[in-house]
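Below: the structure, in structure tokens.
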Amino acid sequence: MIAVLKQGTTETQIENLSTWLKNQGLDVHISHGSMHTVVGLVGDTAKIDAELLESLEIVESVKRISEPFKSANRKFHPDDSVIEVGNTSVGGDIFAVMAGPCSVENEEQVMAIARSVKAAGATMLRGGAFKPRTSPYDFQGLKADGIELLLRAKEETGLPIVTEIMNANHLPLFEDVDVIQVGARNMQNFELLKELGKTRKPILLKRGLANTLKELLMSAEYIMAGGNENVILCERGIRTFETYTRNTLDISAVPMLRELTHLPVIIDPSHATGVARLVKPMALAAAAAGAHGLMIEVHNDPKNALCDGAQSLTPDAFADVMRAVGTVRRALAESEAN
């Protein structure tokens, strides 16, 4: 249930209403929008008399939300959420680009890539320390040593770092990580999501390879229900019958999610296609569709990469993508201005 408050409602009146609703056993979320303040109610709202609530002097309207995802719902939070990440942010008018190697291999590699992606305009450094692999015999990542190398790269370049967590027991290792990534395979690892809900770190939540948008939003809800509202959604392709690409990038997910939720939505064209030459056109499509950012794999020697070399861009190719994406975004801005 949501209650839209009238313009001019004071903070004291909002606080008094919030206290009354909390005494009814409900969780209360206050969202201050550009036009209205929205009070979101989570819990057993059946016992709330909607007509009584709507009759209050400061309440303009009351609506019940039928969707099972509440906190992630745009009805709860009409304006786009902007997630602060170190010295940058994701969401709203801010276009974030997370770039770096699929897997951290050694110090020389990660430092060189961090310098190159920053020079090209990336706003964050992504890199895998813990790597979920289909085969148990493939490289599984440097684990804690990999995180340490990412932190060294962060110290030199100033780029916030994004890396994937596999197990809630590893959380102490992520204390200095800026964005914790939940990979596609763990999107419905609900116990992990609950633990991440207890943190206040930004969480990058990737869509599962066979999951619906509703299921993605329900997974986000697990994190937000724990009190952590710093969630970034990532479309990274879903499994279909197509075999020419690694996955099928669901571009329509961007406008659909932007309609359903206030959370930032980014695209990972690298995992979506699995083919380096397809990353640029899919990145441009993502920008044109209204994505809040991109996650792109970059490697200084893709042919010899220990993980996903076929989908990794060289630093020069990444710089070319950044220039092209900038052109698309400027064209969109001009179109909206006119």
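Any value given below was found using the heavy atoms of this structure, including those in side chains, with hydrogens, waters and symmetry copies removed. Along the sequence shown, residues carry numbers from 1.
Within 6.0 Å of the CZ atom in R277, the count of heavy atoms belonging to other residues, nucleotides or ligands does not exceed 12. A 6.0 Å sphere centred on NZ of K63 holds no more than 12 heavy atoms belonging to other residues, nucleotides or ligands.
When side chains are defined from C-beta on, T199 does not count as touching I223, because their heavy atoms never get closer than 4.5 Å.
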What do the steps show when you test F130 against I147 for side-chain contact (heavy atoms from CB on, under 4.5 Å), and what is the final call?
CA-CA 9 Å; F130 293 86; I147 291 179; 4.0 Å; yes

Starting from the C-alpha separation in whole Å, work towards a yes-or-no answer on salt bridge (charged side-chain N to carboxylate O under 4.0 Å, His left out) for E191 and K194.
CA-CA 5 Å; E191 293 306 312; K194 289 177 184 176; 3.3 Å; yes

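When hydrophobic residues (I, L, V, M, F, W, Y) are linked wherever their side-chain heavy atoms come within less than 4.5 Å, the members clustered with L26 are M1, L5, I14, L17, W20, L21, V28, I30, V39, L41, I48, L53, L56, I58, V59, V62.
A donor and an acceptor atom, one from each side chain of H77 and E229, are nowhere located under 3.5 Å apart. Side-chain atoms of N167 and H170 form no donor-acceptor pair, as typed in the model, at a separation below 3.5 Å. In the model, T314 has no side-chain atom that pairs as donor or acceptor with a side-chain atom of D316 under 3.5 Å. Counted by atom type alone, E15 and T12 present zero donor-acceptor pairs between their side chains at under 3.5 Å. Inspection of the Q188 and N211 side chains reveals an N or O donor paired with an N or O acceptor under 3.5 Å.
If you look at H262 and F76, their ring centroids are not closer than 6.0 Å.
The residue from D79, D80, T261 that alone fulfils the side-chain hydrogen bond (donor to acceptor under 3.5 Å, both in side chains) condition with R74 is D80.
The closest donor-acceptor contact from the side chain of E156 to the backbone of R115 lies at 3.5 Å or more, if one exists at all.
Salt bridge D176/K201: absent, no basic N to carboxylate O contact under 4.0 Å.
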